[in-house]
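In what follows, a structure is listed as structure tokens, so that the remarks can point back to it.
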Amino acid sequence: EGPGEGKDEL
Amino acid sequence: MNVFRILGDVSHLLAMILLLLKIWRSKCCTGISGKSQILFALVFTTRYLDLFTNFVSLYNTVMKVIFLLCAYLTVYMIYGKFRKTFDSENDTFRLEFLLVPITGLSFLENYSFTPLEILWTFSIYLESVAILPQLFMISKTGEAETITTHYLFFLGLYRALYLANWIWRYHTENFYDQIAVVSGVVQTIFYCDFFYLYVTKVLKGKKLSLP
């Protein structure tokens, strides 16, 4: 799980 | 998106709404730790900074806004509107004991040394311990209102469902977010003794009072 753009969870 | 994550987000939203309704209807926030609510508002603030820079989906954006509104409204009700009913003498957990080590850890252990990433990491670590002032307050007063235990149950359940979501995502899309998973396990462990009391007492219609 990389930085920024991978963050799709609340 | 999978069923565990949806149920987790719904459980999280339900917990926040239960708390807001409890304070709003009873016009009283006795037994609620204002410090935990401040930490939750800080968690959402540092985690959702990408609200304006990184559109994931309508669901993601709407839920982030709702979570932020609920968190700040709850803090406002505790320290603003119903501050006369806030028992600050029982809400004595030292926040610096949480904030200092977690700030240090988020600088040491993160995916990339950028402001947004460090703030996200800080929010993940902080969320795992944000409930401690509330649990500490309950252990100090020795009891909790039933509605407060329902709030805590759904709040603890949400991250437990997220653990199931991460197991699911690991097997279906080879997704693995070590920082979130480790923090999520720690966070859920903190609720275990509460879950035990909730199931053995509250679900049997008794009031939650600690021995």
Side-chain angles (χ1 to χ4, degrees), chain A, chain B residues 1-2 4-6 8-13 16 43-44 47-51 53-57 59-68 70 110-121 123-124 127 158-159 161-163 165-166 169-170 173-182 184:
Chain A
E1 164 68 14
E5 70 284 350
K7 303 268 185 290
D8 62 348
E9 295 185 344
L10 291 180
Chain B
M1 179 56 87
N2 60 66
F4 302 110
R5 195 147 65 123
I6 289 179
D9 293 340
V10 166
S11 180
H12 197 180
L13 182 62
M16 286 189 259
V43 164
F44 294 141
R47 187 176 303 178
Y48 297 159
L49 293 173
D50 64 349
L51 195 59
T53 62
N54 181 26
F55 180 79
V56 175
S57 69
Y59 169 82
N60 190 275
T61 302
V62 167
M63 290 296 269
K64 283 177 177 176
V65 170
I66 292 173
F67 282 10
L68 279 165
C70 286
N110 53 59
Y111 292 129
S112 73
F113 205 78
T114 61
L116 214 57
E117 195 61 32
I118 288 177
L119 284 167
W120 176 84
T121 308
S123 80
I124 292 288
E127 187 187 6
Y158 126 74
R159 213 60 178 172
L161 286 166
Y162 256 70
L163 295 180
N165 151 64
W166 287 319
R169 291 189 75 178
Y170 180 71
E173 50 189 282
N174 206 25
F175 169 94
Y176 180 57
D177 180 346
Q178 179 164 353
I179 288 177
V181 170
V182 172

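Computed over heavy atoms, backbone and side chain alike; hydrogens, waters and symmetry mates excluded. Below, chain A is the first sequence line, B the second, and so on; all start at residue 1.
In this structure, chain A has heavy atoms under 4.5 Å from both the backbone and the side chain of B/Asn60. Neither the backbone nor the side chain of B/Asn110 comes within contact range of chain A; no heavy atoms are under 4.5 Å apart. If you measure heavy-atom distances from B/Phe44 to chain A, you find no contacts under 4.5 Å at all.
Rounding to the nearest 0.5 Å gives a distance of 13.0 Å between CE of B/Met63 and CD of A/Glu9. The line from OH of B/Tyr59 to CG of A/Leu10 is 5.5 Å long, rounded to the nearest 0.5 Å. In this structure, the separation between NZ on A/Lys7 and CG on B/Leu116 is 8.5 Å, given to the nearest 0.5 Å.
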